[in-house]
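Here the structure is laid out as structure tokens; the discussion comes afterwards.
Any value given below was found using the heavy atoms of this structure, including those in side chains, with hydrogens, waters and symmetry copies removed.
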Amino acid sequence: MKRTVIKIDEALCNGCGACIEGCHEGALQLIDGKARMISDLYCDGLGACIGECPVGAIEFEEREAEPYDETAVMERLVPKGEKTIRAHLLHLKAHNEEELLHQGILYLKEHNINIDMSGLRNESERKQTPGHACGCPGGREMSFAPVNQAVQSGNIPSQLRQWPVQLHLLNPHSGYFREADVIIAADCTAYAYGNFHNRFMRNHVLAIACPKLDDGKEIYIQKIAAMIEQSNINTLTVVIMEVPCCGGLLQLVETAMEKASRKVPVKKVIIGIQGEVIEENWI
């Protein structure tokens with residue numbers, strides 16, 4: 001079956017082992033000084049390890065892979081003790097993986113393994129709609145209280161300078177890219193950050209993409225490299241969400257920069273899920 005799992009760039013991996021601590025399913029091991037996934041069976045595709053890697057060596061990929069097997073994971077974790085089991089189950093709960101959480105608790109019951117179930121049992125017994133479970137940390141469901149702020153009356157003018165905006169549809173050789181300041185934004189950022197047009201789009205040419213859901217990422221790399229190399233863009237601003245999978249967009253830009261002989265200043269902006277700017281700096 002084709003599904004989303006993690007991919008490790010061995011050339012970037014420095015063998016620090018931080019991702020192994022971040023993987024609650026025991027899918028990763030250090031082998032010959034490099035982090036390696038020992039089996040697709042143990043990778044739930046949630047990407048908790050991505051945020052732990054200090055060198056950006058881990059990313060999502062969609063490929064043919066064995067289905068994730070909660071029973072196999074539990075068989076692997078049970079000998080490691082209650083603390084490890086609870087960390088795994090709490091990880092599933094935190095990402096709304098209720099069906100997998102239910103399977104894990106059912107495994108413990110069937111094998112007469114007693115652990116502290118506080119904070120686990122009630123939600124695991126709540127029936128879920130098939131397919132409802134999220135596929136990455138950024139898919140966790142949350143609700144926010146409304147923010148009461150003064151809103152400018154009247155129509156707010158758009159700062160969009162060109163069309164189209166989706167990176168697959170853009171021609172990197174278009175005239176509007178010539179010596180332009182370009183912003184490449186993850187799809188969700190404009191909805192999370194209320195003043196996106198005035199803060200980020202003003203006087204910029206825009207491209208949008210989703211590093212998690214879009215296909216053809218190699219094409220994205222080629223297009224970004226062409227903007228840098230042939231259209232002589234001035235600067236590149238990458239706006240992403242704080243969720244781990246969104247970091248893949250910055251990785252695409254960094255890969256494109258490596259392919260281009262010409263270099264441009266790159267700014268990274270990270271938007272929080274409640275709309276605040278968490279980080280903004282030139283890299």
Should the heavy atoms of other residues, nucleotides or ligands under 6.0 Å from [atom1] of [X] be counted, would the total exceed 12?
X      : atom1 : answer
Gln222 : CD    : yes
Asp116 : CG    : yes
Tyr176 : OH    : yes

- Would you tell me whether Arg199 and Asn195 have side-chain atoms, one donor and one acceptor, within less than 3.5 Å of each other?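 There is no such pair between these side chains.
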Can you name the closest pair of heavy atoms from [X] and [Y] and give their distance?
X      : Y      : value
Ala186 : Cys246 : CB-SG, 3.4 Å
Ala207 : Leu167 : CB-CD1, 4.0 Å
Ile85  : Ile115 : CG2-CD1, 3.8 Å
Gly47  : Ile6   : CA-CG2, 4.3 Å
Glu218 : Lys259 : OE2-CE, 4.0 Å
Glu62  : Asp215 : OE1-OD1, 4.2 Å

- Query: Can Arg161 and Leu206 be said to form a side chain to side chain contact (heavy atoms under 4.5 Å, CB included), step by step?
  - Reply: CA-CA 8 Å; Arg161 299 176 57 186; Leu206 174 70; over 6 Å; no
Look only at the side chain of [X] and the backbone of [Y], and say whether a donor-acceptor pair between them is shorter than 3.5 Å.
X      : Y      : answer
Thr255 : Gln251 : yes
Lys34  : Glu10  : yes
Gln162 : Val205 : no
Glu242 : Ile270 : no
Arg76  : Gly26  : yes
Ser231 : Pro172 : yes
Asp187 : Ala209 : yes
Lys263 : Ala260 : yes
Gln166 : His168 : yes
Arg36  : Ile31  : yes

Compare all side-chain heavy atoms of [X] with those of [Y] and state whether any distance is below 4.5 angstrom.
X      : Y      : result
Glu179 : Ile233 : no
Cys43  : Glu25  : no
Lys267 : Asn281 : no
Leu169 : Trp163 : no
Cys49  : Leu28  : yes
Ile271 : Ile240 : no
Gln103 : Thr71  : no
Leu160 : Val165 : yes

Examine [X] and [Y] and state if one hydrophobic cluster contains both, with Ile, Leu, Val, Met, Phe, Trp and Tyr joined whenever side-chain heavy atoms are less than 4.5 Å apart.
X      : Y      : answer
Val182 : Phe196 : no
Ile283 : Ile184 : yes
Phe177 : Ile219 : no
Ile50  : Val238 : no
Val266 : Val269 : no

- Apply side chain to side chain contact (heavy atoms under 4.5 Å, CB included) to the pair Leu252 and Lys217, showing each step before the final yes or no. CA-CA 8 Å; Leu252 293 177; Lys217 295 181 179 60; 3.9 Å; yes
Rounded to the nearest 0.5 Å, how far apart are [atom1] of [X] and [atom2] of [Y]?
X      : Y      : atom1 : atom2 : result
Met37  : Lys7   : CE    : NZ    : 11.5 Å
Cys210 : Met241 : SG    : CE    : 11.5 Å
Gln29  : Cys23  : CD    : SG    : 10.0 Å
Leu250 : Met257 : CG    : CE    : 10.5 Å
Leu101 : Leu106 : CG    : CG    : 11.0 Å
Ile58  : Asp9   : CD1   : CG    : 10.5 Å

- So, Tyr68 versus Tyr42, ring centres under 6.0 angstrom or not?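 No - the distance between ring centres of Tyr68 and Tyr42 does not fall below the 6.0 Å cut-off.
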- Is the gap between the ring centers of His111 and Tyr107 under 6.0 Å?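 Ring centroids of His111 and Tyr107 are less than 6.0 Å from each other.
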- Does Lys212 make a cation-pi contact with Phe60 (under 6.0 Å, within 45 degrees of the axis)?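 Verdict for Phe60: a cation-pi partner in Lys212.
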- Would His24 and His88 satisfy ring pair (Phe, Tyr, Trp, His ring centres under 6.0 Å), going step by step from the backbone distance to the final call? CA-CA 5 Å; His24 298 278; His88 165 65; 7.9 Å; no
- Begin with the C-alpha distance, continue with both residues' side-chain angles, and end with the deciding distance and a verdict on side-chain hydrogen bond (donor to acceptor under 3.5 Å, both in side chains) for Ser261 and Glu229. CA-CA 7 Å; Ser261 60; Glu229 188 85 36; 2.5 Å; yes
- Take Leu89 and Leu108, measure what side chain to side chain contact (heavy atoms under 4.5 Å, CB included) needs, and give me the verdict at the end. CA-CA 11 Å; Leu89 296 178; Leu108 296 177; 4.0 Å; yes
- Residues Phe200, Tyr193; criterion ring pair (Phe, Tyr, Trp, His ring centres under 6.0 Å); working and verdict: CA-CA 10 Å; Phe200 299 116; Tyr193 190 78; 5.3 Å; yes
- Message: Suppose we screen for salt bridge (Lys or Arg N to Asp or Glu O under 4.0 Å). Which residues come up paired with Arg178, at least two apart in sequence or across chains?
- Response: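 By the salt bridge (Lys or Arg N to Asp or Glu O under 4.0 Å) rule, Arg178 matches no residue at all.
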- Message: My understanding is that only residues two or more places apart in sequence, or in another chain, count here; which of them pass salt bridge (Lys or Arg N to Asp or Glu O under 4.0 Å) with Lys268?
- Response: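 Per chain and number, Lys268 pairs via salt bridge (Lys or Arg N to Asp or Glu O under 4.0 Å) with Glu279.
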- Query: Taking it one step at a time, do Asp40 and Arg3 satisfy side chain to side chain contact (heavy atoms under 4.5 Å, CB included)?
  - Reply: CA-CA 10 Å; Asp40 294 343; Arg3 68 184 185 93; 4.2 Å; yes
